[in-house]
Amino acid sequence: MNENEFSWRSPLERLSEAITLVTGATVLVTTLLITFDVLMRYFLNQPQLFVDELTSFFLVGIIFVGTGPTFYRGGHIRVDLVTNCLGPKNQRRLRIITLAVGLVLLGIIIRETFISTLAASRMGRMSAVMLYPIWIAMLWVPIGLTLMAFFMGVSFYREWRVKKGKESEGSSGEPPRSSR
Amino acid sequence: MSDTVLGVVLIGLLFFLLSIGLEVALSLGLVGILGLLWLKGWTIGMGVIGSICWSTASNFNYVALPLFIFMSAILLHSGIGSSLYTAIARWVHFLPGSLAIASIFACAIFGAVCGSSVATAATIGLIAIPEMEKRGYQRELMYGSMAAGGTLGILIPPSIPMIVYGVMTETSIGQLYVAGIIPGVILSLLFSGYIVLRCFLRPELAPRQEGERITWAERFQSIVEAAPLVGLIFVVLGTMYLGVVTPTEAAALGASASMVLAAAYRRLNWKCLAQAFRDTIGPTSMVMLIIIFASIFSHVVALIGAPKAILQFIAELGLPTWAVFFLIFLLLIVIAYALEELSVMIILLPFLFPLVTGLGFDAVWFGIVLVIWLEMGFITPPVGINLFVIQGVAKGGTMAQIALGATPYVIMMILFVMILFLFPDLALWLPSKMTPGP
């Protein structure tokens, strides 16, 4: 990478790390909440009814918000048995195509999950036990996938720049870890 | 287009997308969405996506997944498992190849508190491999025993693949966990028996140190050191077996108890916690995204009635049940050599599960067979994850040495599946004695 090139890695790395730590902390809170529920139920016979629903909602956040940083770190599994047989240039071309396909797909799913969230909000859908408004948790699905699309978009843009010779090979937008 | 043709086109498209390197989750999602569009049109087809994503992601049973991964990560990064290896090594000292046997049993016991094969292999491998290297053990022997031992982490409960299988097929996760215990113990004994026999016939593979003696005081001292981990096993498995908690609650209790243990050993710090967060979020998001998008795909598979058609086709072939099962298993073994196994399991379950249960096999039993198949995949090149873990831990080892060392264990696993086929009660007896959960 030459001196005039903007270093993407650092801000993206920080964003990815921050999201990972926040979602990780949510796992910790989930752990503690369920443990609290078990102890209260077993020793004091006071089950905490809110825990099951709340932790299920947390899970939605953990999965979808965590999926962007997971993509950034190359954590989403890909099959590379065939692509490994190609030369670096063709691999890059194919990756640009798969990233574009992925972005279109994510766009559709983001749109549909957002419409579902809006519908849940308008209809006033509530959770079964604690009557929490479901749309709040549902919103994590399009938000998380938008984050993933963002990381994917950056990857696409950088692969494209490398292909056009505007960025060096070493600064490719692909995740730092090889995926399978 | 008939449903059969549509099914073939969709599966062909799925393999095409996978082969060009699109993420497994996205490949499943894309094929699922295209199938929905074809069958139901835009308005109805797309309307289902939001509800499938939501209902799958908010399933309380899946909460166990990040919690068990978190627990494994805490145990891995706090290094609590190290005392276990030392304790077992002292107790099996008199056997030929004692350190390799200690690796197997340490992995088996560590597997009882950790649902991940990678964490098991990495935790025990970090201590066991340098010890075996110091004693001049043959490389294939030590790498093979470590790689195979690590796989016991997913057969002996808790087990992450069992959670995935259980929720996807609506099979009791508690029963699956309990069903894994006896096969896990038998496989550990098989692996150890092989090591004893091999080292008895060729003592140079595992040289013994002259004059080295372990006193009974040292042996009992090691039990005291390893006792907290045994306590953790009770917290996770005992409470579940006694019906006190559900698997998800057992995961939370286990994760909390691991943190308490790590804190007691003064190894719970921000660095350990942050690393555990990183190790938890990646696999959780990856596996769950595959499961969620596979649910869209499964919905399409169910709509076109593919499992029923396959079952009918096989019935028309007139093959005996055992032949069908072994054909399926053979196909799985071939796939295990080429693709990442957990993803394959998620992709194939919508087809396989109705087929196998339709043939009269027990859902819990088949879950155990699938997990053993996953174990095999973990130690077969080119994508066996445990081979990479061991290569990372054993700085001087080559992939060829590790894969060669693991091969006898793959054969033992295949033999064990045959034993399990002949004696299904090895897996099903213990769940039948279980107390129902809360």
Side-chain angles (χ1 to χ4, degrees), chain A residues 17 19-21 23-25 27-28 30-35 37-38 41-42 52-53 55-60 62-64 66-67 69-71 73 75-83 91 94-95 97-98 101-102 105-106 108-109 111-117 119 134 137-138 141 179-180, chain B residues 17-27 29-30 33 46-47 49-51 53-54 57-60 62-63 65-67 69-71 239 244-245 248-249 251-253 255-256 259 273-274 276-278 280-286 288-290 292-293 338-340 342-343 382-383 385 438:
Chain A
E17 179 73 359
I19 297 170
T20 304
L21 294 182
T23 42
V27 174
L28 178 62
T30 305
T31 303
L32 298 176
L33 276 175
I34 297 176
T35 306
D37 175 35
V38 172
R41 188 183 69 218
Y42 193 71
D52 281 16
E53 282 188 346
T55 51
S56 299
F57 291 178
F58 282 171
L59 179 67
V60 179
I62 291 164
I63 296 165
F64 284 100
T67 198
T70 304
F71 175 82
R73 290 173 200 279
H76 286 295
I77 288 180
R78 285 158 48 198
V79 178
D80 60 8
L81 274 178
V82 178
T83 53
Q91 276 189 21
L94 201 54
R95 188 60 186 140
I97 295 169
T98 54
V101 171
L105 175 70
L106 283 182
I108 295 170
I109 299 174
R111 179 181 178 273
E112 293 307 320
T113 50
F114 186 70
I115 290 171
S116 294
T117 309
I134 281 182
M138 286 178 85
V141 182
S179 47
R180 292 189 286 137
Chain B
L17 292 171
L18 289 172
S19 67
I20 63 168
L22 183 65
E23 280 73 4
V24 173
L26 298 182
S27 302
L30 184 56
I33 286 175
M46 292 298 102
I49 293 173
S51 61
C53 286
W54 165 252
S58 61
N59 185 332
F60 181 71
Y62 280 129
V63 176
L65 197 82
L67 300 188
I69 298 175
F70 182 56
M71 177 180 159
T239 52
V244 176
V245 295
T248 307
E249 290 168 345
L253 279 182
S256 296
M259 283 191 286
L273 214 50
F277 288 166
R278 285 185 207 104
T280 305
I281 297 306
T284 302
S285 288
M286 181 271 286
M288 284 306 299
L289 205 67
I290 292 177
I292 291 162
F293 288 164
L339 301 169
E340 198 281 329
L342 191 57
S343 325
V383 290
I385 185 82

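A, B, ... follow the sequence lines: proteins, then strands. Residue 1 opens every chain. Only this structure's heavy atoms are used, side chains among them; waters, hydrogens and symmetry mates stay out.
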Go through the steps to decide whether A:V27 and B:F277 satisfy the test side chain to side chain contact (heavy atoms under 4.5 Å, CB included), and finish with yes or no. CA-CA 8 Å; A:V27 174; B:F277 288 166; 5.5 Å; no
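Between B:S58 and A:S56 the shortest heavy-atom distance is O-CB, 3.3 Å. Between A:S116 and B:G50 the shortest heavy-atom distance is OG-CA, 3.3 Å. Of all heavy-atom pairs spanning A:I34 and B:T248, the tightest one is CD1-CG2, 4.1 Å. In plain terms, the two heavy atoms of A:L59 and B:A57 that are nearest each other are CD2-O, 3.1 Å. Summarising the geometry of B:I281 relative to A:G24, their closest heavy-atom pair is CD1-N, 3.7 Å, with the distance given to 0.1 Å.
Once rounded to the nearest 0.5 Å, the distance linking CD1 of B:I20 with CD1 of A:I97 reads 7.0 Å. With rounding to the nearest 0.5 Å, the separation of CG in B:L65 from CD1 in A:I62 is 10.5 Å. In this structure, CG in B:L26 is found 8.0 Å from CZ in A:F71, a value given to the nearest 0.5 Å. Annotation: the span from B:L22 atom CG to A:L105 atom CG amounts to 7.5 Å, rounded to 0.5 Å. With rounding to the nearest 0.5 angstrom, the CE atom of B:M259 is 5.0 Å from the CG atom of A:L28. With values rounded to the nearest 0.5 angstrom, A:T83 atom OG1 is found 11.0 Å from B:L18 atom CG.
Of the two parts of A:Q91, neither the backbone nor the side chain holds a non-hydrogen atom closer than 4.5 Å to a non-hydrogen atom of chain B. Only the side chain of A:F64 comes within contact range of chain B, judged by heavy atoms closer than 4.5 Å. A:T98 touches chain B through backbone and side chain together, each having a heavy atom under 4.5 Å away. Looking at A:I19, there are no atoms closer than 4.5 Å to chain B (heavy atoms on both sides), in backbone or side chain. Contacts of B:S51 with chain A are made by backbone atoms alone, with heavy-atom separations under 4.5 Å and no side-chain atom involved. When heavy atoms are compared at a cutoff of 4.5 Å, A:A119 does not approach chain B at all. The parts of B:Y62 that come within reach of chain A are both its backbone and its side chain, each placing non-hydrogen atoms under 4.5 angstrom from that chain. With a 4.5 Å cut-off on non-hydrogen atoms, A:V38 touches chain B through its side chain but not through its backbone.
When each of A:L32, A:T67, A:I109, A:I63 is checked for heavy-atom pairs under 4.5 Å with chain B, A:I63 comes out on top. Across B:G282, B:A255, B:G21, the residue that shares the most heavy-atom pairs under 4.5 angstrom with chain A is B:G21. Considering only heavy-atom pairs separated by less than 4.5 Å from chain A, the leading option among B:T284, B:I69, B:L30, B:T280 is B:L30. Comparing A:T23, A:T31, A:T113 by how many heavy-atom pairs each has under 4.5 Å with chain B, the most go to A:T31. Among the candidates B:I49, B:N59, B:L67, B:I33, the residue making the largest number of heavy-atom pairs closer than 4.5 Å to chain A is B:L67. Here A:I134 is the residue among A:L106, A:I115, A:I134 with the most heavy-atom pairs under 4.5 Å with chain B.
For B:A274, the side chain to side chain contact (heavy atoms under 4.5 Å, CB included) test picks out A:L21, B:W270, B:R278, with sequence neighbours left out. Every residue meeting the side chain to side chain contact (heavy atoms under 4.5 Å, CB included) condition with A:D52, not counting sequence neighbours, appears here in chain and number order: A:D37, B:F60.
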